[in-house]
Amino acid sequence: MKRYRTHTCGELNRSHKKKQITLSGWINKKRDHGNLLFVDLRDNYGITQCVIDKSNEIFKQIEKIPLETVVKLIGVVVERSKETVNKNISTGEIEVKILNIDILGETKELPMPVFSDQEYSEEIRLKYRFLDLRRKKIHQNIILRSKVISFIRNEMQKVGFLEFQTPILTSSSPEGARDFLVPSRLNPGKFYALPQAPQQFKQLIMVSGFDKYFQIAPCFRDEDARADRSPGEFYQLDLEMSFVEQEDIFDVIETLFLKLFKKFSNKKILHEKFPRISFEDAMLKYGSDKPDLRNPLEISDLTSIFEREDVKFDIFKKLVKNGSIVRSLTTKNTKDKPRSFFDGIDKWAKEQGSSGLAYFTLEKEDKVSAKGPVGKFFSENSLLEIMKITKSSIGDTVFLSCGKKNDVEKILSIARNKIAEDLDLIDNDTFSFCWIIDYPMFEIDEITKKIKFSHNPFSMPQGELDKLDLINPLNLKAYQYDIVCNGIELSSGAIRNHVPELMYKLFEIAGYSKNDVDSKFSGMINALSYGAPPHGGIAPGIDRIVMLLANEKNIREVTMFPMNQNAQDLMMNAPSKVSDEQLKELNLNIKKNS
RNA sequence: GGGGGUGUAGCUCAGUUGGUUAGAGCACCUGCCUGUCACGCAGGGGGCCGAGGGUUCGAGUCCCUUCACUCCCGCCA
């Protein structure tokens, strides 16, 4: 006989009846009828109802055992009568008549209940994460995460990818996010950085001839948290392939994601061949490079309408003359919505810091007209043109935003989400994937007005390498792509620049001298000079994939031991002060008053 | 760094216009109850109303400051 258990709490059924068994687990819930006591015993695998009555001399003792005590009990499996079967649990056909019980682990009074589905404050959940993790929903989420990662590993290995580990202590890089730094004891005054991603290493793996690499890679970025962004650390399915073009990477990911999302979710997948949308189109039609394609609303450019003589909307016309643009969102068949609906959206837009959204609804009696506060400014011909551009019809409403391009894109992007939500246009039972492609290589930094890399400095520019227009670098597009699902950016990737001479030129445009590149990216630039294969890759975020599959809005719900928003681990008390001896060894002084 | 929300019993929350001794459910303790599965019933203990200051005859409630948690903006190649 095994010491702690013969079965788990999730496996007993009618076939075990009359058997004497041993179970170990936590007391999830008690229902005390005075002379009859039900005890729900829980472990990782499920819940088993155990029962004892006063005829047993240990009845009084068991009555007093608090919830969440760990016990071992010996009992006999009894089939339940039909009326008392519980269909909600896997063991609901039977119960266990308790013969004896041993307490294995006592509990203090609980800071939070485990059996309840109630929501609790993050503070208490994170401090007592080990209790929180016993709760059903998050327990299942973490198991899902484990299964997802195993599945990915297995699939990647099946198609010939090799899994490698890359260093955790590496060097700081000037591009990208803030680094986490680790002082070096043996090299006083010098620091390691934790990798923001194994970017240079995975390219070096390609130069080393391994052809296809992947890793479930921890990534560290010292930036502020969001609901879908852990402070500090997160995981990527990091992968890189040699001798490939963009579409080869897309194939690998589409195949993997279709299998993965079909296996772990029942939701529909909107397009099995993920649409490719250029960055430019995405910014025009959705105002964002991470569009939610479940949302049918689209944006159109109506700037030219406000250059017409027969349009009298003078405020917008004047702004357009001075370089502003006008874009619109059309909602289908909203003519019967109350005035308060439209004004509510305008008010909301103003709260978001924009100048608001003008709107009119298309009508037709004898001729086409526009109803609404600004409707009178539009001639019939201009309305017909608007209908053509926006693909709208009579009964639809056109919302207008006028301003600088960035501002218009921004407000219409969030208005698109807001209006779709208000009108309930989003099918929550769907995954909508798409690729955003053709990112510009460079962009203008709004603050410094200098040219900087818009995405990844190691990306390969598009076009014949000897004909690249380096004079007008803002026109350069890169083999750089994002994959988006339901409006969530899952990953960026790129075909890499494996030509050192070109790399120097591109970095020069972004303001890095040859010496800068040689010293900051020494490992990689050096390697590219010794026969580097064309290569590319991508790195989808594991946490966000699991969030989508678990239908969770917060990354902490799929992370076993997350930090809070201030990047503190309330359970382990990290970060913490260290001793003077430790500091001395590392040659560090802490500034006073800080 | 900036903006919003929340903070009352171990936990989840209610608390009216500023007015007696701050309530409920769960948990905990006592008692009753042999078919519950969020069991039920009766009773009990448990409160620096996040902290500090102010207004007032009187503050959980109004004002100021501050702290914690959270959401968002900035940031995240």
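The structure presented is a predicted model; accordingly, all values stated were derived computationally and were not measured.
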Checklist entry - How would you list, by chain and number, every residue that makes a salt bridge (charged side-chain N to carboxylate O under 4.0 Å, His left out) with Glu106(A), sequence neighbours excluded? => result none
Who are the ring pair (Phe, Tyr, Trp, His ring centres under 6.0 Å) partners of [X], not counting sequence neighbours?
| X | answer |
| --- | --- |
| Phe180(A) | none |
| His33(A) | Phe38(A) |
| His498(A) | none |

Below 4.0 angstrom, which residues in [range] have at least one non-hydrogen atom near RNA chain B?
| range | value |
| --- | --- |
| residues 112-132 of chain A | Pro113(A), Phe115(A), Gln118(A), Glu119(A), Tyr120(A), Ser121(A), Glu122(A), Glu123(A), Ile124(A) |
| residues 42-65 of chain A | Gln49(A), Asp53(A), Lys64(A) |
| residues 220-230 of chain A | Arg221(A), Glu223(A), Asp224(A), Arg226(A), Ala227(A), Arg229(A) |

Item to check | N/O (side chain, Arg178(A)) to phosphate O (OP1/OP2, rG74(B)) under 4.0 Å | outcome: no
Next on the checklist: Filter on side-chain hydrogen bond (donor to acceptor under 3.5 Å, both in side chains), then keep only pairs touching residues 225-234 of chain A, sequence neighbours left out; what's left?
Outcome noted: none
Next on the checklist: Going by the rule side-chain hydrogen bond (donor to acceptor under 3.5 Å, both in side chains), which residues pair with Asp518(A) if we only count those two or more places apart in sequence or in a different chain?
Outcome noted: Tyr504(A)
Next on the checklist: Test of understanding: with side-chain hydrogen bond (donor to acceptor under 3.5 Å, both in side chains), list the residues that count as partners of Asn497(A), not counting sequence neighbours.
Outcome noted: none
Item to check | salt bridge (Lys or Arg N to Asp or Glu O under 4.0 Å) partners of residues 53-63 of chain A, not counting sequence neighbours, each pair once | outcome: Lys60(A)-Glu63(A)
Item to check | Pairs flagged by salt bridge (Lys or Arg N to Asp or Glu O under 4.0 Å) wherever residues 486-501 of chain A is involved - sequence neighbours left out | outcome: Glu240(A)-Arg496(A)
